[in-house]
Amino acid sequence: MRRAGGFLRDSSPAAAGWSAASGTAVAYWVNATGMPGPPPEYGSHPFLHPGGRVAWTKDRLEDAARTRLGGAKLIVVANREPYIHNLRDGAVELMRPAGGLTTALDPVMRACGGTWVAHGSGSADRLTADARGRVRVPPDDPTYTLRRVWLTPEQENGYYYGFANSSLWPLCHQVYHRPTFDPAHWAAYQEVNDLFAAAVLEEARGGPALVFVQDYHFALLPRLLKRARPDLVVAQFWHIPWPNPETFRVCPWAAELLDGMLGNDLLGFHTQYHCNNFLESVDRTVESRVCREGFSVTRGDRTTRVRPFPISVDPDFAGQYLAGDWEAPVAALRRRYGLGDRLLLLGVDRVDYTKGIPERLRAVARLLDLNPGLAGRFHLVQIGAPSRTNLPEYRALTDEIHGLAAGINERYGTPAWRPVVFVNEHAGPELIYPLYRSAAGCVVSSLHDGMNLVAKEFVTARDDEQGVLVLSEFTGAARELTDAVLVNPFDVDRLAAGLLAALTMPPAERQRRMRRMRAQVADHNIYRWAGTMLSEASKLVDHGPRPAAARVAAPRVYVPADDAALLTYPA
Ligand code: F6P
């Protein structure tokens, strides 16, 4: 037994080819090939791990949703819809958006059923939905309902591009990008939160419901829902970091945001550190009682529990893209960009200034300066999905990346070899998983990231137990994937050393690290995330008769921060 990454691990082979690794915080089993699974003596029980610990699977989540929700509706609210219909050349085309949230939550909804309320942003979304904006999804095997909310261009501009992505996004990510605060954006943010409240209340009519709100687009929604329907159980997961209180307090509407979030019964962040920051922010900003032992806040007569729930992915998802002739899309990409059979370093990101893409490119230049012998031996393939392109800083970043890639290729490349290939397109799982599986290494160099699911997806794709993950220590994922090559992306030498490690690490060392990371993600999967969060929230579901006072949300009225607890919403 030895201590590694904070856990006790036993690497001695056990009976029938299974080896056990157990620790105080986690316990998992891996078989002879490193695939996670139950040991033989537990094989007959679908959910059991050794020591009686229960594994989270899709089936167990389905089971939990059925028994724990006891008939209450599950309503997920997220700005981004999991399926977008667009018109292209006169035909309707289905698009799966890039971004961790939809990738993570779609399998949860497939397992649990219910309704997902989201902004209908596609050009053919109205065409494919009914009169109330509803469409059953996934389109090929419908298991849940997508309820689309229609926004005007002005609302989308003020709420999504404005307050959510020009104020809250830079405010919460400490990447030295100054947030802007525009009262018109704030007004649109309030208006759209009202609009979503009305849609959720309509979907929740007629019985108990658990509303699971996603992300920073809806800080005000929990309070709106509770005021209209105190019997609803409302939980929210904040998918991005929560900054320290000094940073947060510059927001002119800090108190209103906190008051809105304290409408939740349960509030989740990726890490304990973000929970601590949130409690600190509450303590300094609004009238409330903060309990640091029980990790909860009581404001007025309501209590919000605040807990870490590290999000993850479905470990089995990769399998469907790594069957049959899975190498064909990679071969096609190699031909398209003249990559030959050279080693690939891979980046997969939305083009966002939090992701550290320019830093990654500078590290490639540094790597070639320090190791001229690597010239002509590898490529950095950067898949960069266009994102939030209405915002000038995102367009400027795209230009910067194109410029950096061209400069590096000009300086270090030859007519037959371009070190950096920037694919500035949306790419689907049918290309990304084979790329993950083929790459020598995957580079995640975020400057600040709540979790980063690319890191976890990469690990799930490596059923060959090869491939090196180079991971920024400023991601939530770095706390779990301690066998990655951890780097500080602001330190060009360390990042270059990480890239070198990915190109040169001996196979046995790659296997040792990948095996552990795969076991971690297999156990701490998306079903565990959803299962534990929904189980905790569902304890609060009251299946009794609904209070007669229930009514739909009305326009909000703002009052000075410290009186916010007294705020009333006229019917
Ligand atoms: O996690 C933050 C987030 O905004 C998620 O909501 C989403 O998965 C991702 O970033 C992509 O962003 P957008 O929905 O703005 O394209």
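Each ligand, and each atom within it, is numbered from 1 in the order the structure gives. Given the structure is predicted, the values throughout are model-derived calculations rather than measurements.
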Q: Would you mind telling me which of W529, W116, F218 makes a ring pair (Phe, Tyr, Trp, His ring centres under 6.0 Å) with F212?
A: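 Single ring pair (Phe, Tyr, Trp, His ring centres under 6.0 Å) partner of F212 among W529, W116, F218: W529.
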Q. Can you pull the salt bridge (charged side-chain N to carboxylate O under 4.0 Å, His left out) pairs that have at least one residue in residues 444-453, sequence neighbours excluded?
A.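 Non-adjacent pairs meeting salt bridge (charged side-chain N to carboxylate O under 4.0 Å, His left out): K355-D449.
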Q. What residues, two or more places apart in sequence or in another chain, satisfy side-chain contact (heavy atoms from CB on, under 4.5 Å) together with R284?
A.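 Counting only residues at least two positions away or on another chain, R284 forms a side-chain contact (heavy atoms from CB on, under 4.5 Å) with P245, E246, E280.
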Q. Under the salt bridge (charged side-chain N to carboxylate O under 4.0 Å, His left out) test, which residues partner R148, sequence neighbours left out?
A.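 Counting only residues at least two positions away or on another chain, R148 forms a salt bridge (charged side-chain N to carboxylate O under 4.0 Å, His left out) with E81, D125.
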**Q.** Those protein residues which place at least one heavy atom below 4.0 Å from ligand 1
**A.**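 These residues qualify: R80, G99, G100, L101, Y160, W169, D215, Y216, H217, H239, I240, R350, R388.
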Q. For atom CG of D89, is the number of surrounding heavy atoms from other residues, nucleotides or ligands below 6.0 Å larger than 12?
A.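 12 or below, so no.
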(Q) Using only atom types and a distance under 3.5 Å, with no angle test, would you say the side chain of R518 pairs donor to acceptor with the backbone of R462? (A)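 Yes, because the side chain of R518 sits within donor-acceptor range (under 3.5 Å) of the backbone of R462.
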